[in-house]
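Letters A, B, ... mirror the listed sequences (proteins, then strands); counts begin at 1.
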Amino acid sequence: MSPRSLTLLKNLARNSNASSSCIQTRSVTYMPRPGDGSPRAVTLIPGDGIGPLVTNAVEQVMEAMHAPIYFEKYDVHGEMSRVPAEVMESIRKNKVCLKGGLKTPVGGGVSSLNVQLRKELDLFASLVNCFNLPGLPTKHENVDIVVIRENTEGEYAGLEHEVVPGVVESLKRLEISFVIESFDFDVTRSLENTTRFVPGVLESVELRRCAHSVVESLKVITKFCSERIAKYAFEYAYLNNRKKVTAVHKANIMKLADGLFLESCREVAKKYPGITYNEIIVDNCCMQLVAKPEQFDVMVTPNLYGNLVANTAAGIAGGTGVMPGGNVGADHAVFEQGASAGNVGKDKIVRENKANPVALLLSSAMMLRHLQFPSFADRLETAVKRVISEGNCRTKDLGGQSTTQQVVDAVIANLE
Amino acid sequence: MAAFLARRLLGTPTSSSSALISASRAFSSSTTPIKATLFPGDGIGPEIAESVKQVFTAADVAIDWDEHYVSTEVDPRTNSFLTRESLQSVLDNKVGLKGPMATPIGKGHRSLNLTLRKELNLYANVRPCYSLPGYKTRYDDVDLITIRENTEGEYSGLEHQVVKGVVESIKIITRKASMRVAEYAFLYAKTHGRKKVSAIHKANIMRKTDGLFLQCCDEVAEKYPEIEYEKVVIDNCCMMLVKNPTLFDVLVMPNLYGDIISDLCAGLVGGLGLTPSCNIGEDGIALAEAVHGSAPDIAGKNLANPTALLLSGVMMLRHLKLNKQAEQIHSAIINTIAEGKYRTADLGGTSTTTEFTKAICDHL
């Protein structure tokens, strides 16, 4: 018997035994342009903690599929003060990057490299797809949510300073249109992009150092960033045949800031009459996610709420170990594990090699589609979903005992 | 579940928490009724407040209710719909129970919740979330308390437009407020026999603000070596809560995270209609409140679920150290719901408010 018929028979046998939701997805036949098959370079950043384990998993699977990509690997760690220039060069050249988590030290010193990377490359949209994987039991069914989160401003503007109580008092009286001095370079840059920003508007205030008693953090919301994230969210919904976009906010309390965000969303919504648009306050949103997640489809949020909502949605749908996602901007895209919790993992998981590679594998499938290799993406996704649904090869976070390597081997064995 | 009930029954305060209540409240005999302010509120408020009064009378709780209603005009002394007298009453009585209040829309006056918070200096919001035996949700073994800083953080109300299209909102964290809420959280944990306090933050990104909050929690934690202390980043916390809520015991957080997490936890156990809450102020003031809305569509129809307000009343009693009666009423409520015969519409039953209340009184 020819090897091909053997494979076909094997598949048939497997399909008849597999769980009822037998996954066979195939993109519409793709007609490439001549030369599309030449290998593409992708920057690879293994990162910290479980990062090297899971990126290695992706490398192995890509190799097994003979996917037309090759990786340019760079070592970056969370304690570095900046992402090295050569890495940035490489990403700018290749336009696409795959990375593991970078551990951010808590409390002081270094600013998060994950955030730095997003700001420098202007990856303004972060996307997480949270959905129930067939065969993986969870407390919530019918979950298929995409959280699109503004990635560059909001609470993560990184503008913090200590203030003397007297200054706080004058702020409370709001006597002057008061703006604080010593902005970080990032904000002035984004402000320059938005309007004819006049430096003279910034009143210089004398800030005296005090004994750590009052600290402020600025949350900046601009029309420019809110508009572009809203546009991206609706465009995503339109291109992926999604029916509803929900804006998450806290505009009843932060009337101006989140109010501006909502205004931008409403304006963009008018241009997509075929897509339902609604708004929900973030605390109610979390409660609804826990009670009735099926009501959500695409969600668009500012930075901080997006973080919380994405992790909550990931948690209810099966955990952050399996949700794919990435960050995208006008020129570049960086793919990584979807939701941020646990992207570096605990030491124990690293030592025992029991990290879950599924999230990064599914993210790399998204990357393959981004690079316009849809059938490789389909094969990878089908293999991963089959492994999960069969159930005997799962890592600890999914209730199993397998190591990362065992899951990788299973995925490779299931590749068509 | 046995452990849960045992903890409920045995959870008596172990040390004198005189910082929490004024001395005159500590020992009340059944002959001297305690004065407490009651804000029935709007919508279903008056019905459920009536429920509370009935149950408390049936349980022989010696409380003299001082009722105040939200007026229809703005009081210039307070710049809101709450009169100076109402606020003074809470300041004098030091304890109160508040039903749902619909915030009137309009300009030129403060919101009701903001007024209460500022005038009474309510700095901590305590919300216990535990699975009600007999009322099944997707999560069966939730037993945690969220303690949220109530005065500053992201809700300081300081926003301004820098230039057209650029808005800033200021988040303020002060040592004073953070220490205050951290102290309260650990004291609460100690007096209620809880084992662990988790501080929730995003200090890897907001290094100075949440860093200061964490620092204060660290300092207070050192004074309570017998209580386990951990720090959890907020996104991790959200994920852990929806995957395995038993990992948490007491959570202490700044304002915004507290708002979101406390509502998330309420969702785990069945929603705002079942969740009690208590606001703690300086000088031992405690204002227990039902956090659900005023539900104007079912107002006056005897369909409302008084559980949230009743459980908040129980929190108020515990604050007043009337533990025996608090426990009695609490068990009565739990048993009524667990039995399943009398449940209001939102819990899937067909009883009216009055039937449900009577069932609780019968269970006492």
Side-chain angles (χ1 to χ4, degrees), chain A residues 104-108 111-112 115 139-140 155-156 160-162 168 171-172 174 177-179 191 194-195 197-198 201 212-224 250 253-257 260 282-284 286-288 290-291 304 307-308 311-312 314-316 319-320 339-342, chain B residues 103 111 137-139 154-176 201-215 231 233-243 256-257 259-268 270-272:
Chain A
T104 313
V106 170
S111 93
S112 165
V115 176
K139 292 190 168 100
H140 301 83
E155 298 81 351
Y156 290 32
E160 292 180 295
H161 43 261
E162 295 160 48
V168 178
L171 281 176
K172 285 186 176 152
L174 280 180
S177 169
F178 176 67
V179 176
L191 290 175
T194 54
T195 59
F197 175 61
V198 179
V201 169
H212 302 276
S213 54
V214 180
V215 187
E216 274 179 7
S217 168
L218 287 178
K219 161 179 168 166
V220 181
I221 298 276
T222 59
K223 187 156 176 64
F224 177 68
K250 189 79 188 170
I253 304 285
M254 286 183 260
K255 301 188 168 85
L256 287 186
L260 182 54
V282 60
D283 46 11
N284 191 14
C286 286
M287 205 171 5
Q288 296 295 325
V290 180
L304 179 67
N307 194 358
L308 306 191
N311 281 285
T312 309
I316 58 172
T320 51
S340 56
Chain B
T103 306
S111 88
T137 58
R138 291 187 176 102
Y139 300 87
E154 298 82 350
Y155 293 11
S156 310
L158 299 164
E159 291 185 307
H160 48 265
Q161 185 167 261
V162 176
V163 285
K164 186 163 157 57
V166 180
V167 173
E168 274 178 5
S169 174
I170 304 186
K171 160 180 172 168
I172 298 188
I173 298 276
T174 59
R175 163 168 272 274
K176 175 169 169 232
H201 66 96
K202 190 78 187 168
N204 46 350
I205 302 288
M206 287 182 264
R207 301 190 312 275
K208 292 196 177 126
T209 39
D210 286 354
L212 177 57
F213 180 79
L214 273 191
Q215 220 175 49
K231 298 182 262 210
V233 179
I234 176 110
D235 45 9
N236 248 331
C237 171
C238 283
M239 207 235 332
M240 286 154 76
L241 269 174
V242 295
K243 290 208 89 178
L256 176 70
Y257 312 145
D259 192 1
I260 299 176
I261 299 285
S262 57
D263 276 2
L264 203 161
C265 295
L268 296 174
L272 293 177

B:K176 NZ: over 12 foreign heavy atoms closer than 6.0 Å: no
Euclidean distance, B:E159 CD relative to A:K255 NZ, rounded to 0.5 Å: 8.0 Å
Sole candidate of B:I173, B:I172, B:T174 that passes side chain to side chain contact (heavy atoms under 4.5 Å, CB included) when paired with A:E216: B:I172
Distance, nearest 0.5 Å, that separates OG1 of A:T320 from CG of B:N236: 7.5 Å
Beyond-backbone contact of A:C286 with B:D263, side-chain heavy atoms, under 4.5 angstrom: no
Least distance between heavy atoms, B:D235 atom then A:S340 atom: OD2-OG, 2.6 Å
4.5 Å side-chain heavy-atom contact, B:D259 and A:K250: yes
Atom pair CD1 (B:I260) and CG (A:L304), whose distance is rounded to the nearest 0.5 Å: 6.5 Å
Interface moiety of B:L256 toward chain A, non-hydrogen atoms closer than 4.5 Å: side chain
Options B:C265, B:C237, B:G267, ranked by heavy-atom pairs under 4.5 Å with chain A, top entry: B:G267
Partner chain B: residue of A:V282, A:I316, A:N311 with the largest heavy-atom pair count (under 4.5 Å): A:N311
Set of residues satisfying side chain to side chain contact (heavy atoms under 4.5 Å, CB included) with respect to A:S217, sequence neighbours excluded: A:E160, B:K171, B:M206, B:T209
Donor-acceptor contact present, side-chain B:E168 to main-chain A:L218, <3.5 Å: no
Gap between atom CE of A:M287 and atom OG of B:S262 - 0.5 Å precision: 8.5 Å
Steps toward side-chain contact (heavy atoms from CB on, under 4.5 Å) verdict (B:C238, A:L308): CA-CA 7 Å; B:C238 283; A:L308 306 191; 4.1 Å; yes
Pick from B:I234, B:V233, B:T137, B:I261 with the largest number of heavy-atom pairs that fall under 4.5 Å of chain A: B:I234
Note, B:I205 side chain near A:T104 side chain (heavy atom, < 4.5 Å): no
Point-to-point distance, once rounded to the nearest 0.5 Å, from CD1 of A:I253 to CD of B:E154: 11.0 Å
Contact origin within B:F213 toward chain A - heavy atom pairs under 4.5 Å: neither
Side chain to side chain contact (heavy atoms under 4.5 Å, CB included) against B:K243, all qualifying residues, sequence neighbours excluded: B:M239
Nearest non-hydrogen partners of B:S169 and A:M254, listed with the distance: OG-SD, 3.7 Å
A:N284 CG to B:L272 CG distance, which is reported to the nearest 0.5 Å: 7.5 Å
Interchain contact, B:K202 with chain A, by part (heavy-atom threshold 4.5 Å): side chain
